[in-house]
Amino acid sequence: MMNVLVTGGAGFIGSHTCVELLECGYQIVVMDNFVNSTAAAVDAIKKITGKEFPFYECDMLDLENFEKIFQENKIDAVIHFAGLKAVGESVTKPWLYYHNNLVSTLNLIALMEKYGVKKLIFSSSATVYGAKNPIPYREDMETGGTTNPYGSTKFMIEQILKDECVPHPDWSVILLRYFNPIGAHPSGLIGEDPNGIPNNLMPYITRVAAGKLPCLSVYGDDYPTHDGTGVRDYIHVCDLASGHVKALEKTETMQGADVYNLGTGCGSSVLDVVHAFEEASGVKVTYKIAPRRAGDLAEYYADATKAKKELGWEAKYNLLDMCRDSWNFTKKRMEQEAAGK
Ligand code: WQD
């Protein structure tokens with residue numbers, strides 16, 4: 001069975017994918033610099049699976065330390081999650097985003113070359129479809145026209161990885177374009193817990209439900225959508241995790257670069273999410289209608305047929321499941337905080 005290096009393995013999507021990899025029998029080596037995650041997630045992965053693995057607290061920009069991982073382990077494939085991901089922050093700190101996300105990936109490519117690692121899965125984003133494509137988004141649509149440095153790093157890294165497959169025809173690279181990941185592992189031991197006031201919808205909703213923030217602002221109710229609020233393709237993070245394992249299997253039988261959407265194919269509005277959350281949790285979410293947020297699109301969701309056909313993968317969880325598991329994680333976190341942990 002393959003030994004898989006997971007960069008950013010303590011993060012939201014990384015930690016869930018580590019659990020899925022271990023449960024499918026893969027060996028893993030995990031690295032993270034804890035810039036937006038904690039060692040508690042690493043312990044939780046071990047607790048959920050009952051399995052051990054090497055962990056390195058390491059920054060991918062520190063090439064010398066990063067190389068030690070390749071010296072000390074025989075790596076067969078890499079799943080590259082590590083990166084900065086806050087859209088708003090990327091607008092105020094573009095150098096930080098370009099430097100961090102691009103140089104870390106370039107360092108990874110150099111080490112893959114040096115150590116003969118030929119399989120790579122990369123965390124891309126639906127944001128690479130830009131603003132001009134019709135919905136649903138299909139993998140063969142033109143990408144680019146990204147509207148913030150975060151999104152531009154995803155677009156640029158996709159291009160870099162496609163270019164690397166030209167002089168390396170025996171590499172297998174899969175770019176996964178995520179839609180809106182929410183939910184948490186049903187154990188409630190790992191999930192999404194951003195620092196500070198959340199930017200994304202579900203972490204904001206859970207904080208309002210938990211009584212830590214007074215009111216959700218719904219950014220716009222005059223979009224041309226079924227109820228006027230913005231529509232997205234929310235996907236359970238455990239579905240996303242299983243998509244990575246399917247992509248890894250695919251690297252065994254393909255060469256070059258290929259790209260897959262990981263979405264459900266269903267659009268839900270902000271108010272659909274609020275109502276599903278209330279139903280799943282039994283807790284009321286106070287909200288008010290606020291002006292549109294700059295840079296938001298009215299509506300987008302995935303065409304999920306390519307991943308179904310070629311990877312044998314499709315999302316299993318619905319919006320209620322996602323809300324239930326996000327809330328379960330939040331409640332567990334609050335219990336831990338109350339117990340002073
Ligand atoms: C979802 C919907 C908001 C907060 C972003 C990035 C994307 C990806 C995921 C990740 C929108 C509305 C939100 C709030 C609201 N990147 N909303 N009140 O913008 O679709 O995607 O995160 O690493 O690249 O752009 O996600 O969760 O911020 O917003 O009404 O307080 O919820 O307007 O319609 P988004 P989101």
Side-chain angles (χ1 to χ4, degrees), residues 10-17 19 36-38 40-41 43-45 47-48 81 85-89 125 178-221 227 229-241 263-264 266-290 293 296 315-341:
F12 176 44
I13 306 172
S15 59
H16 288 80
T17 301
V19 167
N36 192 23
S37 60
T38 64
D43 295 338
I45 297 165
K47 192 167 171 190
I48 292 167
F81 292 104
K85 63 167 189 180
V87 173
E89 185 186 52
S125 166
Y178 310 152
F179 283 70
N180 287 55
I182 59 170
H185 191 269
S187 66
L189 294 175
I190 48 176
E192 187 178 24
D193 193 14
N195 297 324
I197 294 180
N199 300 305
N200 297 113
L201 180 62
M202 184 53 79
Y204 207 104
I205 288 178
T206 56
R207 297 238 176 142
V208 172
K212 292 182 173 174
L213 288 169
C215 176
L216 169 73
S217 292
V218 174
Y219 297 139
D221 69 347
D227 62 14
T229 67
V231 166
R232 296 290 181 272
D233 186 339
Y234 296 93
I235 174 162
H236 197 296
V237 64
C238 292
D239 276 331
L240 214 53
T264 64
C266 300
S268 304
S269 73
V270 177
L271 291 180
D272 290 336
V273 177
V274 168
H275 295 137
F277 184 89
E278 291 180 333
E279 188 182 336
S281 68
V283 180
K284 215 178 140 31
V285 177
T286 310
Y287 70 84
K288 63 169 193 273
I289 305 300
R293 182 172 69 178
D296 274 352
K316 292 193 182 73
Y317 295 98
N318 64 29
L319 189 58
L320 276 177
D321 300 324
M322 302 179 214
C323 292
R324 179 199 61 219
D325 290 336
S326 286
W327 182 233
N328 180 48
F329 170 74
T330 307
K331 280 191 299 186
K332 277 247 159 62
R333 249 311 124 86
M334 285 161 64
E335 284 163 21
Q336 284 172 349
E337 281 167 12
K341 284 187 208 160

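Any value given below was found using the heavy atoms of this structure, including those in side chains, with hydrogens, waters and symmetry copies removed. The chain is numbered in sequence order, starting from 1. For clarity, every value in this text was computed on a predicted model and none was experimentally measured.
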K332 bridged to E337 by N-O distance under 4.0 Å:
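Between E337 and K332 there is no salt bridge, as every charged N stays at least 4.0 Å from the carboxylate O atoms.
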Residues Y178, I235; criterion side chain to side chain contact (heavy atoms under 4.5 Å, CB included); working and verdict
CA-CA 8 Å; Y178 310 152; I235 174 162; 5.9 Å; no
Within the side chain of [X], is there an N or O that forms a donor-acceptor pair under 3.5 Å with the backbone of [Y]?
X	Y	value
D239	K316	yes
S187	L189	yes
E192	I182	no
S326	C323	no
H16	A184	no

Minimum heavy-atom distance between [X] and [Y], given as atom pair plus value:
X	Y	value
C238	P186	SG-CD, 4.0 Å
S268	V273	CB-CG2, 4.3 Å
D233	F179	O-CB, 3.3 Å
N199	A86	ND2-CB, 4.4 Å
L320	A276	CD2-O, 3.4 Å
S217	A290	CB-CB, 3.8 Å

Please determine whether side chain to side chain contact (heavy atoms under 4.5 Å, CB included) holds for the pair T264 and Y317, giving the CA-CA distance in whole Å, both sets of side-chain angles, and the decisive distance to 0.1 Å.
CA-CA 9 Å; T264 64; Y317 295 98; over 6 Å; no
Under 3.5 Å, is there a donor-acceptor pair linking the side chains of H236 and D321?
no
Residues which pass side-chain contact (heavy atoms from CB on, under 4.5 Å) with S269, listed by chain and number, not counting sequence neighbours:
H226, D227, T229, V231, L271, D272
Can you list the residues that meet the side-chain contact (heavy atoms from CB on, under 4.5 Å) rule with I289, with sequence neighbours excluded?
V218, D221, Y287
Kindly compute the distance separating [atom1] ([X]) from [atom2] ([Y]), expressed to the nearest 0.5 Å.
X	Y	atom1	atom2	result
E279	L319	CD	CG	9.5 Å
I13	L240	CD1	CG	5.0 Å
I205	T330	CD1	OG1	10.5 Å
L201	R232	CG	CZ	9.5 Å
M202	N180	CE	CG	10.5 Å
S15	D43	OG	CG	12.0 Å

Name the orientation class of the two ring planes belonging to W327 and F277 (parallel below 30°, tilted from 30 to 60°, perpendicular beyond 60°).
perpendicular
Side-chain contact, heavy-atom cut-off 4.5 Å: [X] with [Y]?
X	Y	answer
H275	V285	no
N195	N36	yes
R333	D193	yes
K85	P194	no
R324	S281	no

Determine whether I190 and I48 satisfy the following criterion, side chain to side chain contact (heavy atoms under 4.5 Å, CB included), listing intermediate values before the conclusion.
CA-CA 9 Å; I190 48 176; I48 292 167; 4.0 Å; yes
